Amino acid sequence: MELLLARSQSLAAAGRFTGSHQAALEAVALVPGRPSALNTTVATACASVERFLGRYEHAHARLVRALRLLPEPASVERVELLIELTLNEFYRSRYQAMRDWAAPAVSAARHVGYTALLASAAVMTAFADAMTGPTETARTRRAQAAALVDELPDDELSLRPDAAGWLAIAEVYLDLYAEADAHASRALGLARASGRGDPLHRLYPVLPRVWYVRGKLAEAAELLDGAIEAGRLLGSPPALAGNLFNRSVVALAVGDLDIALAAAEESVELTCDLDEGFVTAWAAARLAGVLFETGQPGQAIELLLGRAGGEELALIPGGWRAYWLELLTRCWLALDRPSEAGRAAALAEVTAATVQLPLAATWAGRAAAAVALDAGAASLAAERALASADTADAVGAPIEAALSRTIAGRALAETGDKDRAVAELQRAAAALDACGAWRYRHSAERELGKLGHRPHRRTRPGQANAAGIESLTGRELQVAQLVVDRKTNPQIAAELFLSQKTVETHLRNIFHKMGVTTRAALARAVEHATAVGRVP
């Protein structure tokens, strides 16, 4: 039986979840139905694999049953079981219930005296509070957990790299993006180096979410492309779905609508057989975001209300609920339903007031600005949008700030303050260009065009709904033409003052848009387009 358990853990570490689950089930069948540390270890291992397969309800029942059989005294097995229960409640979107398991996990871990395990348990309390609030308590517990994690040397943390990884996710929900970047990077590095820890941090990294907020779109796309390729070879639908819906939001900002839609649709398809919860809600919401941007607000609303928890989007935790309520507001406005839009914006305000976090206030303010602008209250809209932008800037979220400034520019133009409108729109366009968020930059530049200002930018965007050479951005066309000149990636990077990783990301996008798979085929396609006069 010990051999079966070891095999299950080995397969899980390799990402072979179906085989791991089968081995764990065989181990469960062999253990006697009486309390023991080994029984608990087997149940926890089996439930962990079930979580990676999206079988959250089975996992929950198994863990609760094992906990009832476990003797009361504190033990490593009890702590690990309670940690797994906390994580499983997160995936079930039972955010309040996370606290029921996280607090006793810390209490038991203190008695065990294993520092890395105590750090993991402490992270769970911060994680639970980050999902539900109050924010002040959550940030205090986050700081305490971070102190424990940061004091661990790499050789100790490498035994539990998930402690740093889950800490980073808690920090994302507390608007601590620099801290989340550092902890997620450390978790991912240790997990890769040691082959241990929760595969979440290899298959479904939090780093792309952090990098998106911080405006590092090329880096996020590169990491996600690698994670998606790896995920297809493994067996965790929730992990692959998470990577796909994160890839979708990056592609949408850049302007690759085909990639954005395909990734989001596949993500939703993968979640159809999963138990309802966090992953199913986020996949549906990400697809809703793409549908709205492609002119389908009605379908977006259906997804949000049907799969993200109804009008209040209850399956989305923390301040990020305001993010999706802001999208819901815009969807209702697009359908000329101002009453419903006002209700969604009001719910975003309630969320922001509850969590007291900067980005929640940013999204709620932007929703309120959109409603005010639609109602003809341009001065109020400008005021709310500018406050929203300033709040986003304060936490280092340049894309969110620029989106708010774009609305502010529209509102200021309607008040007749053209000079301020132009200044805000130019500021938004420059920030979005620096991040590579070219689709959103185009929206700001379109508003500038209405005011008689021709945008100045370094590269042109690809033509909307175009195919082939016309779909390439100015930068992508530069890279493609250097491929025609037989330049290597290092040579292209040096000539365009880019990193080699950025060049590789551009080439992946170019290959997709041009429908080719080799540099030779790309060169032939560009040469042909040049010969027939299709190259701008």
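Bear in mind the structure is a predicted one, so any value in this text is a computation, not a measurement.
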Consider side chain to side chain contact (heavy atoms under 4.5 Å, CB included). Of Leu325, Leu313, Leu287, which one does Leu304 pass it with?
Leu313
Which of Ile399, Leu359, Asp175 passes side chain to side chain contact (heavy atoms under 4.5 Å, CB included) with Val213? It is Leu359
Hey, what do you get for [atom1] ([X]) to [atom2] ([Y]), rounding to the nearest 0.5 Å?
X	Y	atom1	atom2	answer
Ile169	Trp166	CD1	CH2	4.5 Å
Met131	Met98	CE	CE	6.0 Å
Asp225	Thr505	CG	OG1	7.0 Å
Leu148	Ser120	CG	OG	10.0 Å

Any ion pair linking [Y] and [X] (charged N to carboxylate O, less than 4.0 Å)?
X	Y	answer
Lys216	Glu219	no
Arg405	Asp390	yes
Arg384	Glu349	yes
Glu266	Arg232	yes
Arg186	Asp181	no
Arg366	Glu400	yes

Would a 4.5 Å heavy-atom cut-off, applied to side chains only, mark [X] and [Y] as touching?
X	Y	result
Leu176	Leu174	yes
Leu451	Glu447	no
Glu89	Tyr95	no
Leu386	Arg420	yes

Name the one of Tyr173, Trp282, Phe127 that satisfies ring-ring contact (aromatic ring centres under 6.0 Å, His included) with Phe90?
Phe127
Please work out which of the three classes, parallel, tilted or perpendicular, describes the rings of Trp363 and Trp320, given edges at 30° and 60°.
tilted
